[in-house]
Amino acid sequence: MELTRRQETILEIVKRSGPITGDQIAERLSLTRATLRPDLAILTMSGLLEARPRVGYYYSGRSPNRVVAEKLCSVKVGTIISIPAVVTENCSVYDAVVAMFIKDVGTLFVVKEVGLLEGVLSRKDLLKTTLGGHDIHQLPVGVIMTRMPNVIYTTSDETVWSAAKKLITHQVDALPVVRSATQADGGEGLEVIGRLSKTNITRLFVELGEGQ
Ligand code: ADP
């Protein structure tokens with residue numbers, strides 16, 4: 001986080017003399033309280049300063065990097081996910097390619113029954129099969145997909161930071177967002193309720209950069 005020279009000076013004053021009121025800071029800088037208002041707002045919103053009514057401003061003791069890290073760790077997957085694009089296991093490779101274009105996604109999730117997770121299909125899974133001389137109108141995606149239990153997934157209440165680490169560690173572009181559900185045979189399954197892709201994370205990154 002980039003601070004202006006005046007914001008740096010305010011930070012120094014508060015570090016040395018806090019708790020200190022806005023009026024006292026303004027006096028030291030020979031400025032009006034109104035002039036300082038936007039700077040104080042930025043410093044408190046970013047978490048570098050804290051303000052207590054009738055006490056004043058004091059330094060939170062957190063570095064700008066720490067503040068950004070805390071923000072990243074506080075955002076939950078459920079707040080930034082997209083709608084999942086799904087097909088069933090017996091869908092042909094051809095239809096899956098069409099679905100990928102129409103739904104404008106790079107990863108399809110393969111589901112059974114009421115949306116229970118069975119597998120994942122990436123762009124290259126489909127491309128490889130298409131180049132491989134198969135009859136893509138006949139070949140079902142169940143033959144080529146990455147299948148459970150090898151699918152890496154996330155949940156709505158996992159932090160975005162932790163889910164992003166999964167994308168990097170496992171070198172995949174997207175994770176299905178799931179919740180537990182009961183299968184027709186009474187066993188436990190995972191219902192697909194969303195999609196977390198690198199795009200969702202990039203969007204959050206841009207929003208954080210804009211100070212939202
Ligand atoms: P691409 O293959 O287009 O580069 P990915 O990097 O996402 O896209 O996929 C690489 C491989 O990992 C593919 O074989 C795909 O089936 C598999 N894959 C994709 N997403 C997941 C996931 N969430 N869990 C497990 N495997 C996945």
Side-chain angles (χ1 to χ4, degrees), residues 69 71-209:
K71 176 76 187 165
L72 278 179
C73 292
S74 70
V75 182
K76 296 288 166 71
V77 164
T79 63
I80 65 161
I81 54 178
S82 303
I83 294 168
V86 300
V87 294
T88 54
E89 192 172 1
N90 52 13
C91 167
S92 70
V93 168
Y94 178 90
D95 285 340
V97 171
V98 172
M100 203 171 257
F101 273 98
I102 290 176
K103 293 176 181 169
D104 195 18
V105 292
T107 309
L108 292 170
F109 302 129
V110 183
V111 297
K112 64 173 174 183
E113 295 173 16
V114 281
L116 299 184
L117 180 62
E118 280 207 303
V120 177
L121 286 167
S122 75
R123 273 181 279 238
K124 272 185 231 143
D125 289 333
L126 295 173
L127 211 51
K128 213 165 46 188
T129 312
T130 310
L131 293 176
H134 302 278
D135 180 355
I136 60 169
H137 290 274
Q138 298 300 325
L139 190 68
V141 292
V143 176
I144 65 155
M145 69 185 185
T146 298
R147 182 178 284 278
M148 285 292 276
N150 297 322
V151 177
I152 313 298
Y153 53 82
T154 180
T155 56
S156 289
D157 58 2
E158 183 167 13
T159 67
V160 170
W161 178 74
S162 156
K165 275 215 308 195
K166 287 183 181 171
L167 289 173
I168 297 298
T169 309
H170 297 280
Q171 300 184 0
V172 293
D173 290 347
L175 303 176
V177 184
V178 301
R179 68 174 167 217
S180 326
T182 310
Q183 304 188 115
D185 63 8
E188 277 294 295
L190 296 171
E191 182 189 357
V192 180
I193 57 167
R195 173 170 57 95
L196 179 77
S197 70
K198 286 181 177 169
T199 306
N200 297 110
I201 298 194
T202 309
R203 196 176 296 127
L204 173 68
F205 187 79
V206 170
E207 284 170 8
L208 288 178

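In each ligand, atom 1 is the first atom listed, and ligand 1 is the first ligand listed. These figures come from a predicted structure and were not determined experimentally. Computation of the quantities below employed the complete heavy-atom set of this structure, encompassing side-chain atoms and omitting hydrogens, waters and symmetry-equivalent molecules.
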Report task. Considering only non-hydrogen protein atoms, determine which one is nearest to atom 24 (N) of ligand 1 and report residue, atom name and distance to 0.1 Å. Result -> I152 N, 2.8 Å
Query - atom 7 (O) of ligand 1: nearest protein contact (heavy atom, Å) - result: D173 N, 2.9 Å
Report summary line: ligand 1 to V151, heavy atom cutoff 4.0 Å, flagged ligand atoms 24 (N), 25 (C)
Query raised in the report: Does ligand 1 have an atom that lies less than 4.0 angstrom from a heavy atom of D125?
Result: yes
Query raised in the report: With a 4.0 Å cut-off, would you call E158 and K165 a salt bridge?
Result: no
Report summary line: In terms of its nearest heavy atom to atom 25 (C) of ligand 1, the top option of V120, L175, N150 is N150
Query raised in the report: Taking only heavy atoms of S122, which atoms of ligand 1 are found under 4.0 Å from at least one of them?
Result: 1 (P), 2 (O), 3 (O), 5 (P), 8 (O), 9 (O), 13 (C), 15 (C)
Query raised in the report: Any side-chain heavy atom of I80 sitting closer than 4.5 Å to one from V75?
Result: yes
Report task. Among all protein heavy atoms, pick the one closest to atom 26 (N) of ligand 1 and tell me residue, atom and distance. Result -> T146 CG2, 3.6 Å
Query raised in the report: Should N200 and I81 count as side-chain neighbours, where that means a heavy-atom distance under 4.5 Å?
Result: no
Requested in this report: Name the closest protein heavy atom to atom 21 (C) of ligand 1, giving the residue it belongs to and the distance to 0.1 Å.
Outcome: V172 CG1, 3.4 Å
Report summary line: Nearest non-hydrogen protein atom to atom 6 (O) of ligand 1, with distance, is Q171 O, 3.3 Å
**Report entry** R123 side chain reached by M100 side chain, heavy atoms, under 4.5 Å
**Finding:** yes
Query raised in the report: Is the closest side-chain heavy-atom distance between M148 and L117 below 4.5 Å?
Result: yes
Requested in this report: Please confirm whether the backbone N or O of I83 pairs with a side-chain atom of R195, one donor and one acceptor, at under 3.5 Å?
Outcome: yes
Query raised in the report: Do L116 and V111 touch side chain to side chain, with heavy atoms closer than 4.5 Å?
Result: no
Report summary line: If you scan protein heavy atoms around atom 4 (O) of ligand 1, the nearest is K124 NZ, 3.0 Å
